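This one's a predicted model, so the numbers in the text were calculated from it and none came from an experiment. Throughout, a chain's letter reflects where its sequence line sits, starting with A, and its residues are numbered from 1.
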2 protein chains.
Amino acid sequence: MARILVVDDEAQIRRFLRISLGANGHAVAEAETGAEAVALVRADPPDLVILDLGLPDMDGQEVVSAIREDSAVPILVLSVRAGEGDKVEALDRGAEDYVAKPFGIAELMARVRVALRRSPQAPKPAVVTAGGVEIDLDRRIVQRDGAEVRLSRREQDLLFVLARSADHVLTHQQILRAVWGPAHVEDTAYLRVYVNQLRQKLEADATQPQLIVTEPGVGYRLRTDQG
Amino acid sequence: MARILVVDDEAQIRRFLRISLGANGHAVAEAETGAEAVALVRADPPDLVILDLGLPDMDGQEVVSAIREDSAVPILVLSVRAGEGDKVEALDRGAEDYVAKPFGIAELMARVRVALRRSPQAPKPAVVTAGGVEIDLDRRIVQRDGAEVRLSRREQDLLFVLARSADHVLTHQQILRAVWGPAHVEDTAYLRVYVNQLRQKLEADATQPQLIVTEPGVGYRLRTDQG
DNA sequence: GCCCGTCTTTACGCGCTCTTTATGCGCACA
DNA sequence: TGTGCGCATAAAGAGCGCGTAAAGACGGGC
């Protein structure tokens, strides 16, 4: 799900975090020292760093700053030091969150989720392009060669369902259920009509579809530039 | 510096936060109840919400969810409940951070800074232009070809809701909930009437809308110059 | 109490969209 | 070569979403 770097000199804590994070589907890398952590982040930035302030080689606060110089990766600080000054310093140096030990694992996992959800590790392109056609999923706008294309509601629904699974085959049933609802998973006639209408409006040559391609006996697929 | 909404039923806490936040250069708005907070966020989203979970009218957790339905504004939760379950629930409902009372003011301010620095510092354009029409979101002023346009209360509400999501499609329900409240999400007749009135006042040719465009079966969208 | 602007509600007709049906084409298979 | 199936395409009727006007209800100011 996400790649997380755990920085702590105590093997026991690392083990505990590795298991907990792993159970939540994350890939865990580990570092024992600040220098090692900084080097790892620089070499291959993870999606999140969990950093214990008490490290043998350098002050944890310095590690926060050092990482921030290279990367904007979110940093979640762990510390036995519950003093307010430490918290303020770490947060102002660029840490995203600060959890005092001993911490509850449920809370920590919740805070990990928070940190990960606001930094979409896979910034999915909200806009799909294919040939001269541009599909803006966020704004629900479709353009062809720069000009906006007028689509009816059903046409839009169908196109966006395909676009959201760009370059993946969707079966007739999947599409019908998504657009017309579970009651119409058999009405493949709808599909043929509307696929055709979209092709008329979007394809350069509707008889030679480049955008919405038929997968015979299976379904349809929207082919993009990057796919 | 930033606009912050403080939600707490205890006047003493509100006062304390108002002074502390004000000293750091923030503009503070206040709400005593959950319903009031949700309404304020909907009407004019602040940059940050500081929310006490213990409110008289509704469960604080519900307030988090209600705000999340309308807005992505960061929410910092305060609570006397230090239980892990409460923390996890609030964070998973979409809160950005959770601070247990009693809290240190220095730590709280540091966490406010964290929440603000990652929130879209991108100063949203306080003024939206489209064709000859200029919409000043801050001052709630609308001009057409340099001349101020008189709009009724509902007309303003509707226009500003659309303008705040400029170039994005808003569904009938979203608009109705924002302007007329949750009880009228079915009254699409309102929408037709008021959209038409705005077009009469703002469009060059009300029969060929360039500003407020209809998305058939979905909703409406305000089209700007930059969009 | 009256006036005027605003909001709400109702009514109507046009035009688009959805649905449905019919027809034709190409391919696989016997 | 005929048959059947899946898909493409065209077309037409029904339904309703939307624009528009206008009357009634409401409320605030003088």
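- Considering only side-chain N and O atoms, Arg199(A) lies under 4.0 angstrom from the phosphate OP1 or OP2 of dA8(D).
- Side-chain atoms of His172(A) lie closest to dC7(D) of the nucleotides dC7(D), dT19(C), dT6(C).
- Ranked by how close their nearest DNA chain C nucleotide is to the 5' end, Arg150(A) and Glu155(B) are led by Glu155(B).
- Ile175(A) is listed as a side-chain neighbour of Leu191(A), based on a closest heavy-atom distance under 4.5 Å.
- Side-chain nitrogen and oxygen atoms of Trp180(B) include at least one within less than 4.0 Å of the OP1 or OP2 phosphate oxygen of dT8(C).
- Distance Glu203(A) CD to dT9(D) C1': 15 Å, rounded to the nearest Å.
- For the pair Tyr194(B) and dT6(C), the criterion of a side-chain N or O lying under 4.0 Å from OP1 or OP2 is not met.
- Distance Asp187(A) CG to dG6(D) C1': 16 Å, rounded to the nearest Å.
- We find that Lys101(B) and Asp8(B) are joined by a salt bridge, their nearest charged nitrogen and carboxylate oxygen being less than 4.0 Å apart.
- Going from atom OH of Tyr190(A) over to atom P of dT19(C) covers 5 Å, rounded to whole Å.
- Between Glu186(B) atom CD and dT9(C) atom P the separation is 14 Å, expressed in whole Å.
- With respect to the salt-bridge test (charged N to carboxylate O, under 4.0 angstrom), the residues Lys87(B) and Asp92(B) do not qualify.
- When distances run from any side-chain atom of Tyr220(B) to the nucleotides dC18(C), dC18(D), dT8(C), the shortest one goes to dC18(D).
- A salt bridge does not link Asp167(A) with Arg223(A): none of the charged nitrogens is closer than 4.0 Å to a carboxylate oxygen.
- Note: CG (Leu191(B)) to C1' (dC7(C)) measures 14 Å, nearest angstrom.
- Distance Arg154(B) CZ to dG27(D) P: 12 Å, rounded to the nearest Å.
- Proximity of Tyr220(A) to Val169(A): side-chain heavy atoms (C-beta onward) are nowhere separated by under 4.5 Å.
- Contact annotation for Val195(A): no contact, since no heavy-atom pair falls under 4.0 Å across all strands.
- Among the protein residues, Thr207(B) comes within range of the sugar-phosphate backbone only, with heavy atoms under 4.0 Å from sugar or phosphate atoms but none that close to a base.
- Of the residues in residues 208-218 of chain B, Thr214(B), Pro216(B), Gly217(B) come within less than 4.0 Å of DNA chain D through at least one heavy atom, sorted by number.
- If you check every strand for non-hydrogen atoms under 4.0 Å, Arg192(A) touches a base.
- Taking 4.0 angstrom as the limit, Asn196(A) places a side-chain polar atom (N or O) nearer than this to OP1 or OP2 of dT9(D).
- OP1 or OP2 of dC18(C) has at least one side-chain nitrogen or oxygen of Ser152(A) nearer than 4.0 Å.
- Distance from the side chain of Gln200(B) is smallest for dT20(D) among the nucleotides dT20(D), dC18(C), dT21(C).
- Here Asp97(A) pairs with Arg111(A) in a salt bridge; the nearest charged N to carboxylate O distance falls below 4.0 Å.
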